[in-house]
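Structure record follows, encoded as structure tokens.
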Amino acid sequence: MSGSTTLAGTVGAAAQVVLVAAGSPLLVGVMRQVRARLEGRAGAGVLQPWRDLRKLLRKEAITPHGTGPVFRAAPLVLAATALVAAGVVPIATTESPLDGAADLFAVTALLALGTVALALAALDTATAFGGMGASREMTVLALVEPTILMSVFALSVPVGSTNLGAIVNSTLHEPQRVVSPVSLLAAVALAVVVIAETGRIPVDNPATHLELTMIHEAMVLEYAGPDLALVEWASAMRLTVLLGLVANLFAPWGIAGADSGWVALAALPLALAAFAAKVTLLGGALAAGEVFMAKLRMFRVPELLAGSFVLALLAVAASFFLA
Amino acid sequence: MKDLLRKIRKTGRVAEDPPERPAESAPDALRELGGSVQLRHVDAGSCNGCEVEIASVFGPVYDAERYGARLVASPRHADALVVTGPVTRNMEMALRRTYEAVPAPKGVIALGDCARNCGVFAGAYGVVGAVRDVVPVDVEVPGCPPEPEAIVAALRGLTGR
């Protein structure tokens with residue numbers, strides 16, 4: 001590995017963190033705008049999530065009576081894990097200097113760490129809705145994590161490595177792998193769990209006002225001001241990272257690969273633009289799909305997630321038998 | 001799904017064109033919100049006439065969300081309370097606690113004649129008083145119930161858009 005390759009990797013990793021940090025609220029804005037237009041409304045504009053965050057940062061921070069350090073630390077942990085995940089997942093470059101951590105287990109564990117921190121904070125508030133939201137989120141998480149692991153595992157079998165960068169690189173070199181049964185089964189399974197993990201319809205409704213139907217929102221009911229801004233920003237980043245992971249595992253074209261020297265550096269702007277386009281497209285499709293769907297009953301959610309787990313299991317089996 | 005898609009295409013945009021920006025502006029404390037106002041609705045004893053109008057304000061036709069206003073589920077997330085109805089004895093403490101739970105800077109909108117001066121319920125045995133007798137009020141919207149246009153104008157005064 002030459003010196004400039006590492007430079008391109010370092011610059012790429014920094015650029016993708018900046019892109020995800022600045023762009024994820026815009027993605028949420030685009031998704032809300034798509035929904036608004038399909039519902040016949042005018043919509044608040046793509047910049048509205050950033051306006052909300054700016055206003056929340058100016059507001060007073062409140063520590064509800066009886067909450068402790070867990071409640072205070074959770075937004076920081078959530079945002080930190082999302083930022084690290086944005087740095088290690090192959091978004092713009094597969095040559096991140098944190099490549100050793102870009103292991104599929106590490107990324108899944110990072111995202112789970114943020115979720116668990118928020119669930120503990122919800123329990124810390126000792127409110128009825130906080131506990132209810134935490135228990136529901138843990139139910140969903142317990143069903144989602146194995147499916148994420150299984151589906152990416154299915155993709156890693158032909159490559160012989162669980163490193164996300166290596167998987168993306170090998171798909172770049174053998175594009176026919178994208179239409180193999182392994183890849184298609186894993187794509188469907190992963191798409192379902194990404195929808196569940198990011199709390200979108202049909203698993204959770206991010207726009208709900210009704211506490212009894214909430215999952216993610218119920219956990220953050222007690223956060224105010226800057227803490228709430230951190231939680232919302234981190235949620236947007238997680239959505240972007242997970243959509244980006246799906247996009248780059250199954251359509252990695254445009255990503256800056258292992259070119260040497262200045263070629264890799266020059267490929268970065270293109271890679272960032274390609275990533276932004278892919279994620280905007282995926283997010284828009286997700287928002288458009290939500291218009292046609294109602295939220296599932298809580299008791300039906302495990303059936304949906306079990307179905308996606310079966311698909312992931314089939315993908316793993318296929319990756320062994322069809323290899 | 002095909003029917004719904006056809007309906008979406010046929011219906012197009014339902015939202016009416018935004019009227020002229022109202023001249024009235026927000027109270028100074030709320031001016032720094034900068035185009036984003038989250039609202040928590042508190043029914044302090046309303047007959048639900050005002051609630052119907054609020055629902056249509058956030059519906060597709062008036063679409064108050066395009067001015068940066070949004071209803072939220074928790075007073076902790078809110079910048080302003082929308083209070084409807086005369087304050088009844090059972091809701092007095094709830095309203096006071098909800099107001100205390102809102103992080104500063106915060107405001108209160110008294111929506112409808114009942115919230116402003118108890119309306120037809122003035123002097124009733126279960127009524128404590130108007131909203132301003134319990135929490136400080138920044139904006140008042142008259143009407144029984146107020147028209148959606150009036151509510152939208154009040155909200156635009158807060159968001160400044």
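Chain identifiers are assigned alphabetically (A, B, ...) following the order of the sequence lines, protein sequences preceding nucleic acid strands; residue numbering begins at 1 within each chain.
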Under 4.5 Å from any heavy atom of chain A, what part of B:A69 do you find: side chain, backbone, both or neither? neither

Which bit of A:I62 is near chain B, if near means a heavy-atom gap under 4.5 Å: side chain, backbone, both or neither? side chain

What residues of residues 74-81 of chain A sit under 4.5 Å from chain B when only non-hydrogen atoms are counted? none

How would you list all residue pairs meeting salt bridge (charged side-chain N to carboxylate O under 4.0 Å, His left out) that involve residues 276-286 of chain A, not counting sequence neighbours? none

Distance-only donor-acceptor screen, chain A against chain B, under 3.5 angstrom:
from	atom 1	to	atom 2	distance (Å)
A:G40	O	B:V14	N	2.9
A:G40	O	B:A15	N	3.0
A:A42	N	B:D63	OD2	2.8
A:G43	N	B:D63	OD2	3.1
A:A44	O	B:R161	NH2	3.2
A:Q48	OE1	B:R161	NH1	2.7
A:Q48	NE2	B:G35	O	3.4
A:D52	OD1	B:S36	OG	2.6
A:R54	NH2	B:G34	O	2.9
A:K55	NZ	B:S36	OG	3.2
A:K55	NZ	B:Q38	OE1	3.1
A:K55	NZ	B:D79	OD2	2.7
A:R58	NH1	B:E32	O	2.4
A:K59	NZ	B:A78	O	3.0
A:K59	NZ	B:D79	OD1	2.7
A:K59	NZ	B:P103	O	3.1
A:K59	NZ	B:P105	O	3.3
A:E60	N	B:A104	O	2.9
A:E60	OE1	B:A104	N	2.6
A:H209	NE2	B:L71	O	3.0
A:V220	O	B:H77	NE2	2.8
A:L221	O	B:S74	OG	2.7
A:E222	OE1	B:R76	NE	3.0
A:E222	OE1	B:R76	NH2	3.4

Of all residues at least two apart in sequence or in a different chain, which pass the side chain to side chain contact (heavy atoms under 4.5 Å, CB included) check with A:L27? A:M31, A:L239, A:T240, A:L243, A:V279

Under 4.5 Å from any heavy atom of chain B - which part of A:M214: side chain

So, for B:L4 and A:V291, which heavy atoms are closest and what is the spacing to 0.1 Å? CD2-O, 4.1 Å

Is it the side chain or the backbone of A:L228 that comes within 4.5 Å of chain B heavy atoms, both, or neither? side chain

Highest number of heavy-atom pairs under 4.5 Å with chain B among A:A61, A:A42, A:A207 belongs to A:A42

In terms of heavy-atom proximity below 4.5 Å to chain A, should B:A64 be classed as side chain, backbone, both, or neither? neither

